[in-house]
Number of protein chains: 2
Amino acid sequence: MNKRATIEDVARIAGVSTATVSRTIHTPDIVSDSTRQAVFGAIDQTGFTLNQAARNLRQRRANAVIVLVPDIGNTFFSEILAGIERVASAANQTILIGDAGQDPRRAEKFLNALINGQADGALLLNGHLPPSLVERFGPSGATLPPIVSVSEGLEQQVVPHVGIDNAAAACMAVQYLIDHGHRRIAHLRGPADNILTRQRHQGFLDGMKDAGLTVAPDHIFDGDFTIESGIAAARSLVNQTNSPTVIFCSNDEMAIGLMSECAVLGLRVPQDVSVIGFDDIAFSKVASPRLTTIRQPRLDIGEAAMKLLLGLIAADAVPDAAMETHDVQLIERDSVRFLR
Amino acid sequence: MNKRATIEDVARIAGVSTATVSRTIHTPDIVSDSTRQAVFGAIDQTGFTLNQAARNLRQRRANAVIVLVPDIGNTFFSEILAGIERVASAANQTILIGDAGQDPRRAEKFLNALINGQADGALLLNGHLPPSLVERFGPSGATLPPIVSVSEGLEQQVVPHVGIDNAAAACMAVQYLIDHGHRRIAHLRGPADNILTRQRHQGFLDGMKDAGLTVAPDHIFDGDFTIESGIAAARSLVNQTNSPTVIFCSNDEMAIGLMSECAVLGLRVPQDVSVIGFDDIAFSKVASPRLTTIRQPRLDIGEAAMKLLLGLIAADAVPDAAMETHDVQLIERDSVRFLR
DNA sequence: GAAAGGTATGTAAACCTTTACATATTTATG
DNA sequence: CATAAATATGTAAAGGTTTACATACCTTTC
């Protein structure tokens with residue numbers, strides 16, 4: 001059992017001190033040619049790699065960030081993750097992914113990584129900053145560690161945020177529907193405690209109000225961002241007397257579930273009822289009919305968030321509440337009918 | 001700037017030695033009641049948390065495993081991940097997720113975590129064990145660190161594997177199609193260099209052969225597991241004279257893309273052509289028509305793989321080439337027509 | 001040729017735990 | 001009551017880096 005080579009082994013073989021080895025590795029330029037050759041030779045010979053735990057301990061830095069997602073099995077998040085991953089990897093940062101689920105205690109547990117030195121910063125995709133963390137770092141979170149919220153904003157936005165203007169985007173969707181002759185517009189919302197739900201619903205209401213339209217109470221459906229809740233919405237829709245001409249769904253999963261169930265129930269989309277979604281996930285362009293929706297630049301958002309976080313970490317800066325808003329785009333496909 | 005509390009601070013406040021604090025934290029039972037109280041009191045007072053880097057360094061253990069996926073934005077992997085995550089979290093293990101993409105160098109880079117002490121084991125979902133790693137750990141990989149391959153087997157299966165019997169599953173799909181009266185059966189394959197592609201294609205060929213059926217050369221389509229390649233397959237299908245009655249797609253993404261494009265091209269599924277998929281991703285049950293497919297128990301596979309890996313790590317055992325095969329299930333929906 | 005500056009390297013402390021070993025105290029045993 | 005065993009705690013080394021500071025040597029400059 002030959003144990004792993006340490007920097008000391010390399011130093012001995014190369015005939016230099018450990019300090020020189022360390023320098024050779026991190027700043028090759030400052031050592032002499034002969035030393036550099038000797039050290040790299042010894043490294044090759046021993047198969048040495050730096051022990052990260054020792055490095056992290058000494059530097060008091062983890063070179064890792066934690067990414068907290070509400071559901072890693074959800075394609076929406078996994079594409080943001082891909083953006084995060086890309087930037088992290090380029091910056092030689094490890095990402096620790098935590099699936100917080102619905103359990104705030106799990107979220108808290110993951111964020112412990114910030115305190116115990118496992119991570120230098122955090123990306124919050126689940127819209128919740130555990131109060132205990134804020135508490136720990138003094139009143140008003142004045143000295144919070146580097147944290148950036150992504151996509152879902154926080155109740156108290158005490159850290160920078162990267163995402164879109166959800167209300168404006170929802171309002172834009174409504175305007176598009178109105179332009180297409182729709183008046184009886186329904187909204188299938190997300191889960192009640194979600195901040196996106198509120199923002200998008202507000203945008204929906206604003207859009208309706210701007211156009212002088214009223215919203216029938218039974219034109220507001222409650223879902224939870226899952227395919228299943230879209231299916232359920234279709235079922236309650238079909239029993240309705242004063243039926244809407246179009247349903248604005250707060251995400252694509254629900255829209256796709258809803259359209260699928262409409263087909264089962266004999267309701268044609270868009271002839272009998274139109275549907276518009278939100279997010280533009282990959283499957284939206286192969287849904288039946290192909291789903292008109294609002295595209296979020298998820299990859300960009302993930303990349304931007306990670307860059308922002310790295311900046312925060314590098315500058316050793318305390319996060320403020322700056323917002324970085326990315327543009328959305330309405331993707332016109334076949335699920336919204338033009339009413340004459 | 002009050003720095004973080006160390007175990008020494010806690011020891012001082014509690015009036016004990018650092019060794020006792022460490023013991024109190026990890027094996028509370030072996031210290032006296034009064035000591036325990038004093039230590040926990042001091043911990044609360046200081047807000048102390050263990051520095052993981054120091055712990056990892058001393059224990060020569062990272063309490064983390066690396067998970068290598070080919071594409072984190074793919075729903076198929078993200079559900080396996082959810083299973084992995086669940087078990088890891090219960091065992092207090094951190095998971096480091098690496099998106100290897102198509103670049104073997106990136107995979108290698110991530111697996112460095114095994115060598116530099118950042119991870120105690122690895123879960124390989126991308127079907128490739130970098131040769132350099134095997135080389136490093138001696139001939140025939142006799143002393144490889146704990147590694148388990150998941151879903152995609154390795155060319156040289158030198159580590160345990162958790163997945164399904166892909167050939168048998170593909171064969172089962174073919175039999176199902178034959179039972180439904182199909183004879184001209186096509187196969188839309190995955191990317192050429194993928195081991196799943198070979199296994200599933202072999203199963204397809206076996207199933208055809210068993211039934212005494214021949215496969216027309218132009219009934220083999222090449223895809224790459226993406227929605228887009230399904231769309232492309234539909235386009236080449238439509239130009240064909242000797243057209244198949246059904247297409248067995250090597251995954252659901254391609255099947256869904258194919259069905260969507262068939263609709264665009266005026267080809268009705270399943271009246272004009274039937275489709276069967278593989279994986280049973282969430283969107284398959286809301287595709288149009290609802291997709292008949294083969295379900296892989298992804299959550300189970302993820303959980304089983306992680307458990308296996310943890311066992312390997314705990315036992316300090318060298319992995320062998322054991323296989324753990326999970327059962328698949330044919331999910332019958334509406335995309336395969338019963339030919340009279 | 002002495003002083004100053006630059007370059008390359010070495011020495012040793014620090015980072016924060018865990019744990020083998022030693023020691024002190026208490027309890028059980030004959 | 002002496003001894004053995006069990007319990008509770010302390011001491012100090014070890015884990016593998018990085019880095020402030022010191023040192024040695026080589027150039028340059030006046």
Side-chain angles (χ1 to χ4, degrees), chain A residues 1-40 42-43 46-64 92 112-113 115-120, chain B residues 1-40 42-43 46-64 92 112-113 115-120:
Chain A
M1 252 319 110
N2 51 344
K3 4 185 333 185
R4 272 192 7 228
T6 71
I7 204 170
E8 207 156 338
D9 300 325
V10 174
R12 192 168 358 90
I13 293 176
V16 298
S17 72
T18 60
T20 299
V21 175
S22 179
R23 280 190 280 256
T24 309
I25 295 170
H26 297 108
T27 47
D29 293 344
I30 71 163
V31 303
S32 71
D33 285 358
S34 60
T35 302
R36 201 179 318 130
Q37 277 185 12
V39 170
F40 283 133
I43 288 178
T46 54
F48 167 78
T49 35
L50 224 48
N51 180 314
Q52 286 294 333
R55 165 173 232 238
N56 293 348
L57 173 59
R58 171 64 223 225
Q59 293 196 144
R60 293 133 127 244
R61 200 160 184 293
N63 296 303
N92 262 308
N112 254 330
I115 300 165
N116 68 23
Q118 276 187 114
D120 304 322
Chain B
M1 247 331 102
N2 49 343
K3 359 180 346 183
R4 274 201 354 238
T6 74
I7 205 170
E8 206 157 342
D9 300 326
V10 174
R12 193 167 358 91
I13 293 177
V16 298
S17 72
T18 60
T20 299
V21 174
S22 179
R23 279 189 282 256
T24 308
I25 294 170
H26 297 108
T27 47
D29 293 344
I30 71 163
V31 304
S32 70
D33 285 358
S34 59
T35 302
R36 201 178 319 128
Q37 278 185 10
V39 170
F40 283 133
I43 289 177
T46 54
F48 168 78
T49 34
L50 224 49
N51 180 314
Q52 287 293 335
R55 165 171 231 236
N56 293 348
L57 173 58
R58 172 64 223 231
Q59 295 196 144
R60 293 137 127 240
R61 197 159 186 292
N63 297 303
N92 262 308
N112 255 329
I115 299 164
N116 68 24
Q118 276 186 117
D120 305 320

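Chain identifiers are assigned alphabetically (A, B, ...) following the order of the sequence lines, protein sequences preceding nucleic acid strands; residue numbering begins at 1 within each chain.
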Exercise: identify the closest heavy-atom pair between [X] and [Y]:
X     : Y      : answer
A:T24 : A:T20  : OG1-O, 2.6 Å
A:A62 : A:A119 : CB-N, 3.7 Å
A:A5  : A:T46  : CB-CB, 3.7 Å

Across the strands shown, which category fits A:T49 at heavy-atom distances under 4.0 angstrom: base, sugar-phosphate, nothing?
sugar-phosphate
Integer-rounded Å distance: [N] [atom2] and [X] [atom1]:
X     : N      : atom1 : atom2 : answer
B:L57 : D:dT18 : CG    : C1'   : 13 Å
B:R60 : D:dT17 : CZ    : C1'   : 14 Å
A:L50 : D:dG15 : CG    : P     : 17 Å
A:Q59 : C:dA14 : CD    : P     : 18 Å
B:E8  : C:dT18 : CD    : C1'   : 14 Å
A:N56 : D:dT18 : CG    : P     : 10 Å
B:I7  : C:dC15 : CD1   : C1'   : 14 Å
A:F48 : D:dG16 : CZ    : C1'   : 8 Å

With sequence neighbours excluded, tell me which residues meet salt bridge (charged side-chain N to carboxylate O under 4.0 Å, His left out) with B:D33.
B:R36
Using a cutoff of under 3.5 Å, can you pull out all pairs of nitrogen or oxygen atoms linking the protein to nucleotides 8-12 of chain C, with atom names and distances?
| unit_1 | atom_1 | unit_2 | atom_2 | d |
| --- | --- | --- | --- | --- |
| C:dT9 | OP1 | A:S32 | OG | 2.9 |
| C:dT9 | OP1 | A:T35 | OG1 | 2.3 |
| C:dT9 | OP2 | A:S32 | N | 3.0 |
| C:dT9 | OP2 | A:T35 | OG1 | 3.3 |
| C:dG10 | OP2 | A:S17 | N | 2.8 |
| C:dG10 | OP2 | A:S17 | OG | 3.1 |
| C:dG10 | OP2 | A:T20 | OG1 | 2.7 |
| C:dG10 | N7 | A:R23 | NH2 | 2.7 |
| C:dG10 | O6 | A:R23 | NH1 | 3.2 |

Exercise: do A:N56 and A:R58 side chains pair donor with acceptor under 3.5 Å
no
B:R55 side chain N/O closer than 4.0 Å to the phosphate oxygens (OP1, OP2) of C:dT18?
yes
Decide yes or no, distance alone: a donor-acceptor N/O pair under 3.5 angstrom between the base of C:dT18 and the side-chain of B:R58.
yes
Criterion side chain to side chain contact (heavy atoms under 4.5 Å, CB included) against B:T18, the qualifying member of B:V10, B:D9, B:I7, B:T6
B:I7
A:N63 vs A:R55 side-chain heavy atoms within contact, under 4.5 Å
yes
